[in-house]
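Residue numbers begin at 1 in each chain, while the letters A, B, ... track the order of the sequences. Being a predicted model, the structure only gives us computed values, none of them experimental.
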Number of protein chains: 2
Amino acid sequence: MAGQPGRKRSEAARDAILGAALELLRERGYGQVTVDAIATRAGVGKQTIYRWWRTKPDVVLEALTAHAHRTITLPDTGDLERDLTVFLRATFRTLSGSESLAPILRGLMAEAQLDPEFLARFRVFIEARRALVRARLQSARELALDAASVDVAVDMIFGAMWYRMLLEHAPTDAATARRVAQLVAGMAGGE
Amino acid sequence: MAGQPGRKRSEAARDAILGAALELLRERGYGQVTVDAIATRAGVGKQTIYRWWRTKPDVVLEALTAHAHRTITLPDTGDLERDLTVFLRATFRTLSGSESLAPILRGLMAEAQLDPEFLARFRVFIEARRALVRARLQSARELALDAASVDVAVDMIFGAMWYRMLLEHAPTDAATARRVAQLVAGMAGGE
DNA sequence: GCTTGACGAGACTAGTGGTCTCGAATTATA
DNA sequence: TATAATTCGAGACCACTAGTCTCGTCAAGC
């Protein structure tokens with residue numbers, strides 16, 4: 001593998017871009033952040049952004065994942081309701097307060113609706129979270145569901161979260177986390 | 001109430017605008033529909049659109065509600081699972097096929113994320129559907145849930161629908177409708 | 001017939017995502 | 001040391017579109 005000639009990619013520029021994006025996202029909210037502003041704040045040419053990312057939401061998605069890299073874990077103590085409560089509380093916590101990721105996630109979901117190609121990439125991000133919960137529901141002795149029903153249950157869990165996040169008609173707080181876990185654990189019999 | 005002087009609002013123009021919007025929405029999808037195109041197709045000046053609607057998504061929202069004005073009903077036979085299945089099947093049916101409303105709903109949800117003022121108006125549309133299901137869950141003898149848990153259950157139902165609609169990772173078909181109804185009916189005991 | 005306000009048409013503004021170009025800086029290879 | 005490849009920051013530039021403004025015309029009440 002012969003080394004390529006030419007200047008190498010600047011890691012400093014990459015970090016500056018992702019950092020500036022995150023800062024601006026927090027300061028102004030997704031809709032008010034422009035690529036020009038990111039470039040200026042990062043002290044970078046706009047072309048440097050478009051050389052490494054296809055579109056604006058792709059930059060934001062990477063800024064998000066680079067920041068929230070520590071994955072939230074889903075414990076398996078054998079008590080589904082408890083495990084789910086822990087997981088959902090931790091997840092919902094990232095959606096509130098001044099460090100909330102909700103505005104970013106909402107912006108990305110909006111872009112995914114307007115750009116089918118980005119949706120495919122965004123789905124990869126989403127899928128990781130779904131797989132985590134799906135595995136826990138499949139192994140739950142409390143539930144006796146076929147694979148398709150497990151999938152539906154997973155979507156009811158994340159669906160409720162997204163639905164509340166997108167419409168902002170009700171909170172995604174600790175109490176909600178407990179109730180979702182309770183209702184899921186109660187599904188298909190048992191109490 | 002003295003009649004106002006001046007030319008009256010043209011109902012023909014209103015209908016032409018909403019009709020053209022719906023046509024274009026079907027033909028091109030939300031993201032590809034411009035206000036100019038709606039005006040041209042409707043044979044109307046752009047100002048006539050902006051005189052009666054604040055923004056593009058407001059036009060689309062009214063085109064949607066004017067078209068899907070017949071509300072889907074939620075029966076109450078005493079059998080929650082059955083009633084929910086009926087309701088969800090009917091609802092999901094509007095989201096598939098060539099007449100699918102999904103692209104329109106997705107576009108509006110995207111706009112709602114980028115424009116907080118429109119979100120408030122969009123939420124009114126959403127709220128009507130939530131209220132229908134909430135009432136049915138509250139009256140369900142199969143369930144014994146406090147008000148907050150009912151709200152969560154409602155959001156799990158519609159959340160699953162929206163989540164699948166927005167991410168397109170799984171269908172919203174009759175089988176899904178049945179499974180959602182099954183899982184909800186199973187919540188908090190019972191089988 | 002006069003005033004008011006809506007009408008179709010279209011010019012216009014403002015903002016933004018994304019592309020293109022340029023001279024300078026880096027890096028591998030010869 | 002030279003050369004070719006490739007990145008960098010900077011900024012001009014293009015394309016598109018939501019929304020505003022203007023204008024001459026048309027309809028309705030007084």
Side-chain angles (χ1 to χ4, degrees), chain A residues 1-21 24-25 28-61 63 107-108 110-118 121, chain B residues 1-21 24-25 28-61 63 107-108 110-118 121:
Chain A
M1 42 176 72
Q4 300 299 326
R7 189 174 179 171
K8 283 181 182 155
R9 175 176 188 179
S10 162
E11 285 302 317
R14 176 180 180 275
D15 295 348
I17 290 165
L18 296 180
L24 291 167
L25 248 9
R28 313 185 187 174
Y30 186 90
Q32 318 309 321
V33 174
T34 66
V35 178
D36 273 295
I38 296 175
T40 302
R41 173 77 62 101
V44 142
K46 211 157 53 143
Q47 188 57 237
T48 301
I49 293 181
Y50 282 106
R51 204 189 322 272
W52 301 108
W53 290 278
R54 286 197 240 192
T55 65
K56 176 172 86 145
D58 284 291
V59 178
V60 175
L61 180 57
L108 292 177
E111 294 279 14
Q113 301 314 306
L114 304 173
D115 177 355
E117 294 186 15
F118 177 71
R121 301 194 284 279
Chain B
M1 44 175 70
Q4 300 299 328
R7 189 174 179 172
K8 282 181 183 156
R9 175 176 188 180
S10 163
E11 286 302 316
R14 176 181 179 274
D15 295 347
I17 290 166
L18 297 179
L24 290 167
L25 248 8
R28 313 185 185 173
Y30 186 90
Q32 319 309 321
V33 174
T34 66
V35 177
D36 273 294
I38 295 175
T40 302
R41 172 78 61 102
V44 143
K46 214 163 39 149
Q47 190 56 239
T48 302
I49 293 181
Y50 282 107
R51 204 190 323 270
W52 301 108
W53 291 277
R54 287 198 238 193
T55 65
K56 177 172 84 144
D58 284 292
V59 178
V60 175
L61 180 57
L108 292 176
E111 294 280 13
Q113 302 313 306
L114 304 173
D115 177 355
E117 293 186 18
F118 177 70
R121 300 193 286 278

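To the nearest 0.5 angstrom, Glu117(A) atom CD is 9.0 Å from Thr55(A) atom OG1. Expressed to the nearest 0.5 Å, how far CH2 of Trp52(B) lies from CD of Gln47(B) amounts to 11.5 Å. Between atom CZ of residue Arg41(B) and atom CG of residue Leu24(B) there is a gap of 4.5 Å, rounded to the nearest 0.5 Å. Between Leu25(B) atom CG and Leu108(B) atom CG the span is 8.0 Å, to the nearest 0.5 Å.
Of the candidates dA6(C), dG9(D), dT6(D), dA6(C) carries the atom nearest the Arg7(B) side chain, counting heavy atoms from C-beta on. Side-chain proximity of Arg51(A) to dG19(D), dC26(D), dC8(D): nearest is dC8(D).
For DNA chain C, none of the residues of residues 31-42 of chain B falls under the heavy-atom distance limit of 4.0 Å.
Side-chain nitrogen and oxygen atoms of Lys8(B) include at least one within less than 4.0 Å of the OP1 or OP2 phosphate oxygen of dG29(D). An OP1 or OP2 oxygen of dA6(C) is reached within less than 4.0 angstrom by no side-chain nitrogen or oxygen of Ser10(B). Not one side-chain nitrogen or oxygen of Arg9(A) sits closer than 4.0 Å to the OP1 or OP2 atom of dT6(D).
Residue Trp52(A) is in sugar-phosphate contact alone, with no base atom involved, counting any heavy-atom pair closer than 4.0 Å across all strands shown.
The closest donor-acceptor contact from the side chain of Thr40(A) to the backbone of Asp36(A) lies under 3.5 Å. A distance-only check finds a donor-acceptor pair linking the side chain of Lys56(B) to the backbone of Val33(B) [under 3.5 Å].
In this entry the distance linking NZ of Lys56(B) with P of dG19(D) reads 9 Å, nearest Å. Here the P atom of nucleotide dT17(D) and the CD atom of Glu111(B) are 13 Å apart, to the nearest Å. Gln4(B) has its CD atom 18 Å from the C1' atom of dC7(C), to the nearest Å. A straight line from CD of Glu11(B) to P of dA27(D) spans 16 Å, rounded to a whole angstrom. Remark: C1' of dC16(D) and CZ of Arg28(B) are 14 Å apart, rounded to the nearest angstrom. In this structure, Ile49(B) atom CD1 and dC7(C) atom P are separated by 11 Å, rounded to whole Å. Between Leu114(B) atom CG and dT17(D) atom P there is a gap of 16 Å when expressed in whole angstrom units. Put simply, OH on Tyr50(A) is 17 Å from P on dC14(D), counting in whole angstrom units.
With no hydrogens or angles considered, no side-chain donor-acceptor pair links Tyr30(B) and Gln113(A) at under 3.5 Å.
Nearer to the 5' terminus of DNA chain C, by closest-nucleotide assignment, is the contact made by Pro5(B) (compared with the other of Gln47(A) and Pro5(B)). Nearest-nucleotide assignment on DNA chain D puts the 5′-proximal partner with Pro57(B), out of Gly6(B) and Pro57(B).
Side-chain N/O atoms of Lys46(A) and base N/O atoms of dG18(C) include a donor-acceptor pair closer than 3.5 Å.
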